[in-house]
Peer 1: 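Would you mind keeping the following structure in view while I ask a few things?
These numbers come from a predicted model, not from an experiment. Atom set for the values below is all heavy atoms of this structure, side chains included, hydrogens, waters and symmetry mates excluded.
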Amino acid sequence: MLEQGRLGTRQLATLTIMMVVGDMMMIYPSVITSYAKQDAWICALIGIPLGMGLMAMFIKLGNAYPGQNLVSISRSILGYWPGTLLALFYLYFFMVGAATQTREVGDFMTTQIFQTTPIRVVILLFTVAIVWAVIHGLESLGRSSELLLPVLIIFIIVLVVCLLPQVEVSNLKPIRENSSVSFAQGILVSIIYPIGEAVPILMLLPYTAKTSHRSLDIILAAGIGNLILSSLVTISMLVLGAFLTQHIIYASFILSQKINIGDFFQRIEALMASAWLISTYFKACIYLYVFVLGTAELFNMKQYRNLILPTGLLIFGLSNVIAPGITYIIITVVPYWVDWDTTIGIIFPGLLLVIHWIKSFSHQKKS
């Protein structure tokens, strides 16, 4: 196998939470509110069990072909050439995803914190960090996620608890004011953005210790990640209201600036930024890792490590040209990204699973 390292079930669960939360921690409230408006918090909560169902579909597909990653699964189900084309499509998604997350970090840091720093400097530093992590292998990535996940959760709990004095329940009213189409779009966003972008789990399953509770742990991890995002959406709407949540790109960061307890505990936005950087960092690392691993699998290479540095340079260059700024991403890219995530995270895995069931049924009928 290309990857000699092994993940424990707990490590895969922590990486799953990191993938689900990822870059969504900062922009998710704004994105889902732009679709569902006043009902965004309801859609986010409904998306938790539905997202767990989507993750269960991923696990079902992966368990049907033990020891195979997404590239080899595609070839096994569809045949060599159709499976190769589908694998190329997924690899392109992983590459663009890693570049987009890197660009998001650059845009955020240069607009909110280091406003006089050139964006290429921030992108370069972040790219070096994710390349360094992937070079050290899958096991190191999993162990690091175990160490940093508690930090992420503590920062989010502090944010929510400290904002409770500023909560206005009236901001959630009126309920179900918008059309059913907007409500359905909000539910789709609550599923496809957090969980659909966790499809790299199919590249990690073959390198995870198989235990009796592995599938359940991963599904619960997806639910926990989506619950974290739902809590951010709800607290954002309770404090800022639907209109401000929709029109503030980094709603979670603005929320952290509003914390003021006794004129003493305040200005903790750096903590929120750190939590977001942690989750986005791991998501970008996973996307870079599965891209180089899948590329090596696609071309029958003996190892994938020779691809890491060239891919890092590709990510650096692509993240600089993928968009002129965060405004372009929000206005132009995000509306189409939903369709892309739906195709990648629901349609293609669902078709693969259905074709697998048809082939299995036909084989059983013949025998």
Side-chain angles (χ1 to χ4, degrees), residues 14 17-33 97-130 132-133 144-145 147-163 166 193-194 197 225 228-237 239-240 244-261 264-287 319 323 325-327 329-330 334:
T14 57
I17 295 175
M18 291 294 190
M19 270 193 291
V20 172
V21 176
D23 55 332
M24 290 291 107
M25 181 191 296
M26 202 69 75
I27 64 174
Y28 184 67
S30 174
V31 172
I32 191 172
T33 310
T100 303
Q101 291 143 25
T102 304
R103 178 58 189 240
E104 287 175 349
V105 170
D107 284 326
F108 170 77
M109 297 298 289
T110 54
T111 57
Q112 304 296 322
I113 300 178
F114 303 130
Q115 298 179 0
T116 59
T117 303
I119 189 171
R120 290 188 179 184
V121 174
V122 178
I123 289 175
L124 177 62
L125 292 174
F126 190 77
T127 304
V128 169
I130 62 176
W132 183 256
S144 300
S145 68
L147 292 173
L148 292 175
L149 181 62
V151 177
L152 173 72
I153 294 177
I154 289 172
F155 284 172
I156 294 175
I157 292 175
V158 169
L159 174 72
V160 173
V161 171
C162 291
L163 286 171
Q166 303 183 43
Y193 270 135
E197 293 190 358
I228 291 173
L229 295 177
S230 300
S231 65
L232 291 176
V233 173
T234 305
I235 196 68
S236 180
M237 294 191 65
V239 176
L240 298 176
L244 289 178
T245 300
Q246 176 184 349
H247 291 89
I248 296 176
I249 298 174
Y250 305 116
S252 301
F253 185 73
I254 300 301
L255 284 173
S256 61
Q257 292 178 334
K258 293 179 69 66
I259 293 176
N260 186 354
I261 300 179
F264 173 74
F265 189 72
Q266 56 184 336
R267 306 295 297 177
I268 65 166
E269 58 267 22
L271 298 180
M272 192 62 196
S274 300
W276 180 70
L277 286 173
I278 289 172
S279 59
T280 306
Y281 172 76
F282 277 98
K283 187 174 181 179
C285 286
I286 293 169
Y287 269 60
S319 60
I326 187 63
T327 305
I329 293 177
I330 296 297
V334 168

Peer 1: Any side-chain heavy-atom pair from Thr111 and Tyr250 closer than 4.5 angstrom?
Peer 2: yes
Peer 1: If I take atom CD from residue Glu197 and atom NZ from residue Lys283, how far apart are they, to the nearest 0.5 angstrom?
Peer 2: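 Rounded to the nearest 0.5 Å, the CD-NZ separation comes to 3.5 Å.
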Peer 1: Over all heavy atoms of both residues, which pair between Gly225 and Ile17 is shortest? Give the atoms and the distance, please.
Peer 2: CA-CG2, 4.3 Å
Peer 1: Heavy atoms, side chains only, cut-off 4.5 Å: are Met24 and Val31 in contact?
Peer 2: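 No, every pair of side-chain atoms sits at 4.5 Å or beyond.
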Peer 1: Looking at CD1 of Ile27 and CD1 of Ile249, how far apart are the two atoms once the value is rounded to the nearest 0.5 Å?
Peer 2: 9.0 Å
Peer 1: Considering the options Pro150, Ser256, Ser274, which one meets the side chain to side chain contact (heavy atoms under 4.5 Å, CB included) requirement together with Phe155?
Peer 2: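 Option passing the side chain to side chain contact (heavy atoms under 4.5 Å, CB included) with Phe155: Ser274.
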Peer 1: Compare all side-chain heavy atoms of Phe108 with those of Ile113 and state whether any distance is below 4.5 angstrom.
Peer 2: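 Touching, per the 4.5 Å side-chain cut-off.
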Peer 1: Can you give me the closest heavy-atom contact between Leu240 and Ile248, atom names plus distance?
Peer 2: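 Smallest heavy-atom distance, with atoms named: CD1-CD1, 4.3 Å.
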Peer 1: Could you check whether any side-chain N or O of Ser30 sits under 3.5 Å from a backbone N or O of Gln246, counting only pairs where one atom can act as donor and the other as acceptor?
Peer 2: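 Yes, the answer is positive, given that a donor and an acceptor are paired below the 3.5 Å cut-off.
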Peer 1: Between the main-chain N or O of Ala284 and the side-chain N or O of Gln101, is there a donor-acceptor pair closer than 3.5 Å?
Peer 2: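 Such a contact is found between Gln101 side chain and Ala284 backbone.
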Peer 1: Are Phe253 and Trp276 near enough that their ring centres are under 6.0 Å apart?
Peer 2: no
Peer 1: With a 3.5 Å distance limit and no angle check, can you tell me whether Ser252 reaches the backbone of Met25 through a side-chain donor-acceptor pair?
Peer 2: yes
Peer 1: What distance do Leu271 atom CG and Ile259 atom CD1 have between them, rounded to the nearest 0.5 Å?
Peer 2: 8.5 Å
Peer 1: If every non-hydrogen atom of Ser236 is compared with every non-hydrogen atom of Thr245, which pair is closest and at what distance?
Peer 2: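 Smallest heavy-atom distance, with atoms named: OG-OG1, 3.0 Å.
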Peer 1: To the closest 0.5 Å, what do you measure between CG (Leu232) and CD1 (Ile156)?
Peer 2: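 These two atoms lie 5.5 Å from each other.
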Peer 1: For Leu229 and Val233: C-alpha separation, side-chain torsions, deciding distance, then whether side chain to side chain contact (heavy atoms under 4.5 Å, CB included) applies.
Peer 2: CA-CA 6 Å; Leu229 295 177; Val233 173; 5.5 Å; no
Peer 1: Is there a donor-acceptor pair closer than 3.5 Å between any side-chain N or O of Ser231 and the backbone N or O of Ile228?
Peer 2: yes
Peer 1: Any donor and acceptor pair, going by atom type alone, linking the side chain of Glu104 with main-chain N or O of Asp23 inside 3.5 Å?
Peer 2: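 Looks like no, no N/O pair under 3.5 Å.
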Peer 1: Got a sec, which residues hit side chain to side chain contact (heavy atoms under 4.5 Å, CB included) with Leu124, two or more places apart in sequence or on another chain?
Peer 2: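 Per chain and number, Leu124 pairs via side chain to side chain contact (heavy atoms under 4.5 Å, CB included) with Val128, Phe316.
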Peer 1: With rounding to the nearest 0.5 angstrom, report the CD1 to CE distance, Ile286 to Met19.
Peer 2: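 Rounded to the nearest 0.5 Å, the CD1-CE separation comes to 4.5 Å.
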Peer 1: Tell me, with the steps shown, if Leu148 and Phe282 meet side chain to side chain contact (heavy atoms under 4.5 Å, CB included).
Peer 2: CA-CA 10 Å; Leu148 292 175; Phe282 277 98; 3.6 Å; yes
Peer 1: Search all heavy atoms of Ala133 against all heavy atoms of Tyr281 and return the closest pair with its distance.
Peer 2: CB-OH, 3.1 Å
Peer 1: Could you measure the distance from the CD atom of Gln112 to the CE atom of Met272? Nearest 0.5 Å is fine.
Peer 2: 12.5 Å
Peer 1: Classify the side-chain pair Thr102/Thr127 by whether it contains a donor and acceptor separated by less than 3.5 Å.
Peer 2: no
